[in-house]
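These figures come from a predicted structure and were not determined experimentally. Every number for a ligand or one of its atoms is a count from 1 in the order of the listing.
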Amino acid sequence: MDYSLLHKKLQPSFDVLIPFLRYEKELENELLLSHTEILFKDSKYIIVSKLASKPLWAQDWLSDCRLVKFENKSAGVKILKNMQNLGVHFETDANAKLAESIKKDLRELKLRRIDFKVPSQFNFKYFAWGLFDSEYLIICDSPKSQFPLGWHEFNEDKSIPPNRAYLKLWEVLCLNYIQLKPSDIVIDVGSSPGGWSWALSNYVKKVYSIDKAELDPKISSNPKIHYKSEDAFQVNPMDYKDCTWLFSDIICTPQRLLSLVESWHNKSQVKNFVCTIKFKGGCDFDVLKEFNTYPDSRIIHLYQNKNEVTWIKQVK
Ligand SMILES: C[S@@+](CC[C@H](N)C(=O)[O-])C[C@H]1O[C@@H](n2cnc3c(N)ncnc32)[C@H](O)[C@@H]1O
């Protein structure tokens, strides 16, 4: 690689993308489809020119990064110690031993599990740094992510929820992607064993919970949760005239989910949605375009999502 040409391309600033673990290829495909040139990549991160928004498959997007030359380890430490805020280190393939040894001499911002609170009060100014090679640091002075490096591990509730699916909704609520009102009545389709219904029941008046499979007894005994054993695709939206939200974590194709959404959007009072779009193989970017045609909607790959993304629509 011609490093002098690359260094020129990286002046005065560039963006760093940290892919979700195991979805590095999805991020590359996404960049390809949006004609975004990859200026540099290793197994842990990708460098691109300035982007307008965060790609779906990036766990974190560090914008306006700069390269800072350092002569030796202690010079590197000095540069990082002189920064105004505490730093968080992002891993790169370059000289892991040197990075570790620099880290040891710094007071670092530790990645801590998040206490679930709606919305999260976490508001900490930090900077991010990584090693580009043995002579240059990458520094992002003001990362945009509320939680450093897009890391959203929660202190989990091990007592009530029957599985870990509720963590997706916790992330949506905690990061204020939606705002629920105590008077809201919601329908949760594909709800068994009941983690989402349980999480919702703490914020709304009533939860209709629909699945062919039974709920966990701890969830079905909740007086706010009204379970019905039914095929979600046979439910008549007109029978749920009091609902204003639809939540779906159903296992089905993106196309089938899209037709379910269309039906509820056209035939009911429901105008707000949180739906998991699940993929069997690679990400279906074409179907995502169709979801994106709904006004007031957005698609996010949550930290808690795996081979799936979350479509959120809330009318303000
Ligand atoms: C990933 S699980 C949902 C987990 C749930 N969100 C929770 O927090 O516990 C997907 C659910 O979709 C349900 N499902 C799949 N096809 C369905 C259909 N046609 N009608 C109703 N439920 C369906 C499955 O029975 C399964 O319980």
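Ion pair Lys316/Asp296 not flagged as a salt bridge, since none of the NZ, NE, NH1 or NH2 atoms sits closer than 4.0 Å to an Asp/Glu carboxylate oxygen. Taking the charged nitrogens against the carboxylate oxygens, Glu37 and Lys9 do have a contact shorter than 4.0 Å, which makes a salt bridge. Between Asp141 and Arg66, at least one side-chain nitrogen of the basic residue sits less than 4.0 Å from a carboxylate oxygen of the acidic one, meeting the salt-bridge criterion. For the pair Glu100 and Lys103, the salt-bridge criterion is met [side-chain N within less than 4.0 Å of a carboxylate O]. Under 4.0 Å is where a charged nitrogen must lie from a carboxylate oxygen, and between Lys54 and Asp60 no such pair does.
A donor-acceptor pair shorter than 3.5 Å can be found between the side chains of Asp249 and Thr276.
Of all atoms in ligand 1, numbered sequentially from 1 with element shown, those under 4.0 Å from a heavy atom of Phe233 are 19 (N). The ligand atoms of ligand 1 that sit less than 4.0 angstrom from a heavy atom of Gly194 are 7 (C), 9 (O). Interface of Ile250 with ligand 1, defined as ligand atoms under 4.0 Å from a residue heavy atom, comprises 12 (O). The Lys278 neighbourhood of ligand 1 comprises atoms 1 (C), with distances under 4.0 Å to a heavy atom of that residue. Heavy-atom contacts of Ala165 reach the following atoms of ligand 1: 7 (C), 8 (O) (cutoff under 4.0 Å). Per-residue contacts place Asp231 under 4.0 angstrom from the following atoms of ligand 1 (heavy atoms of the residue considered): 18 (C), 19 (N), 20 (N). Ligand-side atoms of ligand 1 in range of Glu230: 20 (N), 21 (C), range being under 4.0 angstrom from any heavy atom.
The residue among Asp211, Val235, Ile210, Ile219 with a heavy atom at the shortest distance from atom 11 (C) of ligand 1 is Asp211.
With a 4.0 Å heavy-atom cut-off, ligand 1 is reached by the backbone of Ser191 but not by any atom from C-beta on. The proximity of Asn163 to ligand 1, defined as any non-hydrogen pair under 4.0 Å, is limited to the side chain.
With a 6.0 Å cutoff to the six-membered ring centre and a 45° limit on the axis angle, Arg113 does not count as a cation-pi contact of Phe154. Geometrically, Lys218 does not engage Trp198 in a cation-pi contact, judged by NZ or CZ lying under 6.0 Å from the ring centre and within 45° of the ring axis.
When only non-hydrogen protein atoms are considered, atom 7 (C) of ligand 1 lies nearest to Gly195 N, 3.4 Å. For atom 17 (C) of ligand 1, the nearest protein heavy atom (residue, atom name, distance) is Lys212 CE, 3.8 Å. Scanning all protein heavy atoms for the shortest distance to atom 3 (C) of ligand 1 gives Gly190 O, 3.1 Å. Closest protein heavy atom to atom 10 (C) of ligand 1: Asp249 O, 3.4 Å.
Distance alone, capped at 3.5 Å, is enough to place a donor-acceptor pair between the Ser268 side chain and the Val270 backbone.
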